[in-house]
Amino acid sequence: MRLFFALWPDDEVRARLAHWSRELHAVCGGRPTRPENLHVTLAFLGNVEEARVAEVERAASEVAPRLSSLVLDQPGYWKHKRIAWAGASVVPPGLEALVSELRGALAKSQITFDAKSFVSHVTLLRQAGEPKAIPALAPIEWGLDGFALVRSVTLPRGARYEIRKTWKG
């Protein structure tokens, strides 16, 4: 099964991200991420055998979730990937530490993951055109109280994400 660790927004943050998505869609077009799939990826594991899921969960249980706040205040566009996103101009030290500890626990348990540098962002649109200008959007304050292990299920109409387990601070 395809798994990843993520920050999972509450309903209020999700609604505000969906609003940003509509604002950006008006200038970029593209395919919006379904609101129920909006998240920040902490570590992408990819395909994991069912027999190893318990090991993945054990490794994550070694990490202490931290209470902090993430302010999404920077809409952006990645031309090479044709993705419009919502990001944070400042990543709180607690979030950086969480990512580092989580990835360290996975490595210690010999669980493979995509080791690309962590970029605090939420993908809002895929296959988006490059905007002439990105609109100014009201910052979104997201109170972080934990993280989730999420399963990606591929469907004909796109992926559906299912939370397998959460760790709360």
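Scope of the values below: all heavy atoms of this structure, side chains included, with no hydrogens, waters or symmetry mates.
If you take CG on N37 and CG on L17, they are separated by 12.5 Å, rounding to the nearest 0.5 Å. Considering CG of L124 and CZ of R22, their distance stands at 11.0 Å, rounded to 0.5 Å. We find the CG-CD distance between D11 and E36 to be 11.5 Å, quoted to the nearest 0.5 Å. The CD atom of E57 lies 6.0 Å from the CG atom of L149; values are rounded to the nearest 0.5 Å. Taken to the nearest 0.5 Å, the SG atom of C28 stands 11.0 Å off from the NZ atom of K132. The line from OG of S152 to CG of L3 is 9.0 Å long, rounded to the nearest 0.5 Å.
Other residues, nucleotides and ligands contribute over 12 non-hydrogen atoms within 6.0 Å of the CZ atom of R34. Open room surrounds CD on Q110; 12 or fewer heavy atoms of other groups in view lie less than 6.0 Å from it. Around atom CD of E12, no more than 12 heavy atoms belonging to other residues, nucleotides or ligands sit under 6.0 Å away.
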Quiz prompt | Stepwise side-chain contact (heavy atoms from CB on, under 4.5 Å) check, L70 with L95 | solution = CA-CA 8 Å; L70 178 66; L95 177 53; 4.0 Å; yes
Quiz item: Under the salt bridge (charged side-chain N to carboxylate O under 4.0 Å, His left out) criterion, do R103 and E101 qualify, and how do the steps go?
Solution: CA-CA 6 Å; R103 290 177 174 204; E101 287 178 27; over 6 Å; no
Quiz item: Run the side chain to side chain donor-acceptor pair (under 3.5 Å) check on W142 and S69 step by step: do they pass?
Solution: CA-CA 6 Å; W142 180 351; S69 183; over 6 Å; no
Self-check item: Criterion salt bridge (charged side-chain N to carboxylate O under 4.0 Å, His left out) on E55 and R58, from CA distance to verdict
Solution: CA-CA 5 Å; E55 290 175 63; R58 260 192 309 279; 5.2 Å; no
Quiz item: Can you check side-chain contact (heavy atoms from CB on, under 4.5 Å) on E50 and M1, steps first, answer last?
Solution: CA-CA 7 Å; E50 182 77 44; M1 68 182 71; 2.6 Å; yes
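Side-chain atoms of R14 come within 3.5 Å of backbone N or O of L38 as a donor-acceptor pair. When atom types are taken as modelled, the side chain of T33 and the backbone of T123 share a donor-acceptor pair closer than 3.5 angstrom. Listed for the D114 side chain is no donor-acceptor partner under 3.5 Å among the backbone atoms of A43.
V153 forms part of a hydrophobic cluster together with L155, judged by ILVMFWY side-chain heavy-atom separations under 4.5 Å. Taking Ile, Leu, Val, Met, Phe, Trp and Tyr as members and joining any whose side-chain heavy atoms lie under 4.5 Å apart, directly or through other members, the hydrophobic cluster of W78 also contains I83, W85, V119.
Shortest non-hydrogen contact noted between L72 and A88 is CD2-N, 4.0 Å. Closest of all the heavy-atom pairs between D73 and P139 is CB-CB, 4.1 Å. In terms of heavy-atom proximity, S61 sits nearest to W167 at OG-NE1, 3.1 Å. The heavy-atom pair separating I111 from R52 by the smallest distance is CG1-NH2, 3.7 Å. The minimum heavy-atom distance between L24 and A84, with the atom names listed, is CD1-CB, 4.2 Å. Counting all heavy atoms, side chain and backbone alike, G29 lies closest to A128 at O-CB, 3.9 Å.
Between Y161 and F4, the two ring planes are perpendicular [angle over 60°; tilted spans 30° to 60°].
Inter-residue side-chain proximity for V48 and V56 is flagged as met; some heavy-atom pair is nearer than 4.5 Å. Counting only heavy atoms from C-beta outward, the side chains of D145 and P65 never approach each other to under 4.5 Å. Using a 4.5 Å heavy-atom cutoff, the side chains of L98 and V63 are in contact. Annotation: side chain of R164 is in contact with side chain of V53 (closest heavy-atom distance under 4.5 Å).
One side chain, T41 or H39, offers a donor N or O that lies under 3.5 Å from an acceptor on the other. When only modelled atom types and interatomic distance are considered, T166 and W8 share no side-chain donor-acceptor pair under 3.5 Å.
No continuous path of hydrophobic side-chain contacts links L45 to V150 [ILVMFWY only; heavy atoms under 4.5 Å]. Under the 4.5 Å side-chain heavy-atom criterion for ILVMFWY residues, no single connected hydrophobic cluster contains both W20 and V27. When hydrophobic clusters are built by joining Ile, Leu, Val, Met, Phe, Trp and Tyr residues whose side-chain heavy atoms come closer than 4.5 Å, directly or via intermediates, L7 is grouped together with L106.
Ring-centre distance between F5 and F44: not below the 6.0 Å cut-off.
Each of K81, K79, R82 was compared with E130 under the salt bridge (charged side-chain N to carboxylate O under 4.0 Å, His left out) criterion, and only K79 meets it.
In this structure, the side chain to side chain contact (heavy atoms under 4.5 Å, CB included) partners of K108, at least two apart in sequence or on a different chain, are E62.
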